[in-house]
Amino acid sequence: MADILIKNGLVLTMDKGMLQGEVIQDGAVAVEGNRIVDIGATKEVEQAHKGSERVIDAEKKVVMPGFVITHTHMPYVLGHNMPVDVSQLKSFWDMLQKMGWEWLEDITTRDGIYAATRYAAMKMLKSGTTTVCELVEGPGAIPGALNSSARAIDEVGIRAQVGYEVTERVPGVSILERMDQKNAEKAFEENLAFLNKYPKGNGGRIEGRLGVHTAYTNSAETLKRAREIAEDSGCGIEIHTAEIPRQFLVEKYGKSAPMILEETGLLGPDVIAAHCIDLDDTDLEILSRNGVNVAHTPMTNSLGGNGVARVPDMLDKGMNVTLGHDCFFTLDTSEYLRYAYLVHKAHRANPILLPPFQAIDMAIGNGARAMGLEKEIGSLEKGKKADILVLDPDSPSPVTPASVMSWFTMTFKGSDVQHVIVDGRLVVSDRRMTTVDEEEVRRHCLDEAKALWRRNGISI
Ligand SMILES: [Zn+2]
C-alpha cells in the first residue's frame with residue numbers, strides 16, 4: 001500500500017536523460033513517505049500497492065520528474081514592470097547599478113523577501129519547477145534575509161538550495177570608487193548561520209549553498225574565504241560569472257573572471273556559475289577543466305543585451321549546462337526551456353544545434369547534478385525522492401513516446417501541469433496549490449511590490 005499511486009500514464013523516467021531514459025507506456029509510480037518505492041507497468045505496480053491512500057489516474061497524461069532551475073532571485077518579482085525612468089538605462093552596467101542594485105536590492109526588506117518568495121515559488125511549482133537554486137540579495141535585509149526566504153520556501157513546498165550573495169559592494173557607491181570587505185564579512189555571517197541550520201545533506205527540502213556575487217565585486221581574499229567555507233561545509237557555491245563584457249575585467253584586473261576565480265581557488269565541480277556569456281577559448285577551458293556547472297540564463301541575458309552564451313561549445317566540451325532564469329518574466333518553466341532551445345539555432349543560423357533532449361536535460365538531470373542532488377532527484381527511480389509532475393497536455397496532436405520530446409519544446413506550457421508532488425507531498429492538485437491560499441499570497445506580494453515601488457518614489 002502506497003501513500004500515492006499514479007497510474008495509467010506515459011511515464012518518462014529520465015533515468016539516463018531524456019534521449020535514453022526509459023519510457024513506460026501505461027506506467028505507474030508508487031510513493032511512500034517522501035520516496036519513490038516502485039515504478040513500472042501499471043498492472044504490476046497497482047497489484048503490488050493495492051489500496052493505496054491516494055490514486056491519481058494519469059491516463060493520456062505524462063508523468064515525469066520535476067524541473068530543476070539553477071539560478072533564481074525570487075525577490076526580483078517585486079520589481080516586475082516597475083515604471084522606472086528607462087532613459088537612465090543605456091547599458092547592462094546601468095541596468096545592474098540602477099535596476100538591479102539601487103531600485104531593487106538595496107531597498108529590499110525581509111518582509112518583501114518573504115512575500116515575493118512565496119509568490120515566485122508558488123508560480124514556479126504550478127508550472128512544474130520543483131527545485132531551485134536561490135540567491136538572495138538585499139544588504140538592508142541582513143541578518144535574517146535567508147530565514148525570511150526559507151520560511152516562504154518551507155510554507156509553499158518547493159525544494160531549494162538557498163544562499164545570500166557575498167559582495168564587497170557598498171550600496172550607493174560605484175564599485176570603481178570603493179568597495180568594503182566588511183560587507184562581505186556580514187554576508188558570510190548570514191550564510192554561515194544558515195548553513196548551520198540547513199547543512200548540506202540534512203535530508204530536508206532546504207539546504208544552504210554559499211552565494212557569491214562576482215569576481216569583480218569581491219577581492220581575492222574574499223573569494224579565497226568563500227572556497228574555504230565551501231570546503232568546510234560541503235555546501236557548494238553559486239556565483240555570477242562573465243555576465244558583463246570580458247573587457248571590463250581585463251582592463252581593471254588584467255584578467256578575465258574565470259582566470260581570477262581559478263587563481264583564487266574558488267572554482268570546482270561544486271560551483272554553479274550563472275550566465276557565462278563573454279568567454280574566450282581560454283576562459284571556456286578554465287571552466288571546463290575545473291568541472292564547473294553552468295547556469296544558462298538566456299532570457300535575462302537577452303534583456304540585458306549581454307549576448308548569447310557559447311552553450312553549443314560548452315556541450316561539445318562535455319560541460320554540465322543547466323537552466324536558470326533570474327526570476328524575470330513569467331516564471332513559467334516552459335518559456336525558459338523554449339527560449340534556450342531556440343536561441344542558439346537563431347544565433348548561429350544552425351537548426352541542428354541543441355536538439356530537444358539537450359534542452360530538457362539541461363532543465364532536469366543536469367540541474368540536479370549541478371546542485372549535487374543527482375542521487376536524490378532529477379529522474380524517476382526507485383529509492384529517489386518523490387518530486388513528480390503529472391502533465392495534462394493541451395496538444396493539437398497526439399503526445400506519444402515518439403512525439404513527447406518534441407512536444408516539450410513545441411507546445412508544452414506551464415498550464416499543462418496538473419499535479420505536482422515534492423518530497424512525497426501533493427503540493428499542486430488539479431492546478432491549485434494545496435499548501436497556501438493563492439489569492440492571499442498574490443495579494444501580499446502585490447502589497448510588498450507597492451511598498452518597494454513607493455520607496456523608489458513611484459506614487460501608487
Ligand atoms: Zn543572478
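Since the model is a prediction, treat every value here as computed from it, not as a measurement. Each ligand, and each atom within it, is numbered from 1 in the order the structure gives.
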As a test of understanding, state which of Asp154, Asp387, Asp423 forms a side chain to side chain donor-acceptor pair (under 3.5 Å) with Arg205. Asp154
Go through the steps for His325 and His73 under the test ring-ring contact (aromatic ring centres under 6.0 Å, His included), then give the verdict. CA-CA 8 Å; His325 62 43; His73 304 286; 9.8 Å; no
Looking at Asp326, the N/O/S atom that lies nearest to the Zn ion (ligand 1) is called OD1
When every non-hydrogen atom of Glu438 is compared with those of Lys126, the smallest separation belongs to OE1-NZ, 2.7 Å
Using a distance threshold of 2.8 Å, state whether an N, O or S atom of His275 lies below it from the Zn ion (ligand 1). no
With rounding to 10 degrees, what does the angle His71:NE2 / the Zn ion (ligand 1) / His240:NE2 come to? 90°
Lys345 atom NZ: more than 12 heavy-atom contacts under 6.0 Å: yes
